[in-house]
Amino acid sequence: MTTYRTTSDEAVLIELNPRGNPMLLEENLARSRMHDAEIYARQHRLAHRLVVARRWRRLAGWAERRARLKARVL
């Protein structure tokens, strides 16, 4: 990536992305953080789904054992 200074503001660096569009460094940082947040959210959802599945499997096992016990009593 190529960086160059703008003529209007020496403090702002502009970065060229592979498509050649100028992107402010703040925009690039914001996109990077958004991408990281999306990855974290995806991992969090997967972990939550695994925990929920384990909980339902445990509950189903308990209900099955209880039903067998009640069936023996009758």
Side-chain angles (χ1 to χ4, degrees):
M1 292 191 170
T2 311
T3 58
Y4 61 91
R5 292 190 184 271
T6 62
T7 56
S8 62
D9 187 6
E10 289 295 319
V12 177
L13 288 177
I14 295 181
E15 198 172 298
L16 290 176
N17 65 13
R19 287 177 262 160
N21 297 332
M23 184 184 307
L24 293 175
L25 290 178
E26 290 83 9
E27 289 180 15
N28 198 6
L29 182 60
R31 286 176 195 232
S32 176
R33 287 181 177 166
M34 190 181 318
H35 180 69
D36 291 346
E38 289 170 354
I39 290 173
Y40 174 79
R42 190 178 310 127
Q43 291 172 344
H44 190 312
R45 279 192 306 271
L46 178 61
H48 181 71
R49 287 172 51 192
L50 291 172
V51 168
V52 169
R54 189 178 304 145
R55 186 181 305 142
W56 278 108
R57 191 173 35 232
R58 201 168 50 232
L59 180 62
W62 174 83
E64 183 181 354
R65 287 189 303 275
R66 187 170 170 86
R68 277 194 223 140
L69 182 67
K70 294 294 181 180
R72 272 192 240 149
V73 172
L74 292 177

As an exercise, state the distance from CD of Glu38 to CZ of Arg31, rounded to the nearest 0.5 Å. 11.5 Å
Linking Ile, Leu, Val, Met, Phe, Trp and Tyr by side-chain heavy atoms under 4.5 Å, what else ends up with Val73?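 Hydrophobic cluster check, Val73: no partners found.
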Pairs under 3.5 angstrom only: tabulate donor-acceptor contacts from the side chains of residues 40-64 to other protein residues two or more places apart or in another chain.
from, atom 1, to, atom 2, distance (Å)
Glu64, OE2, Arg68, NH2, 2.5

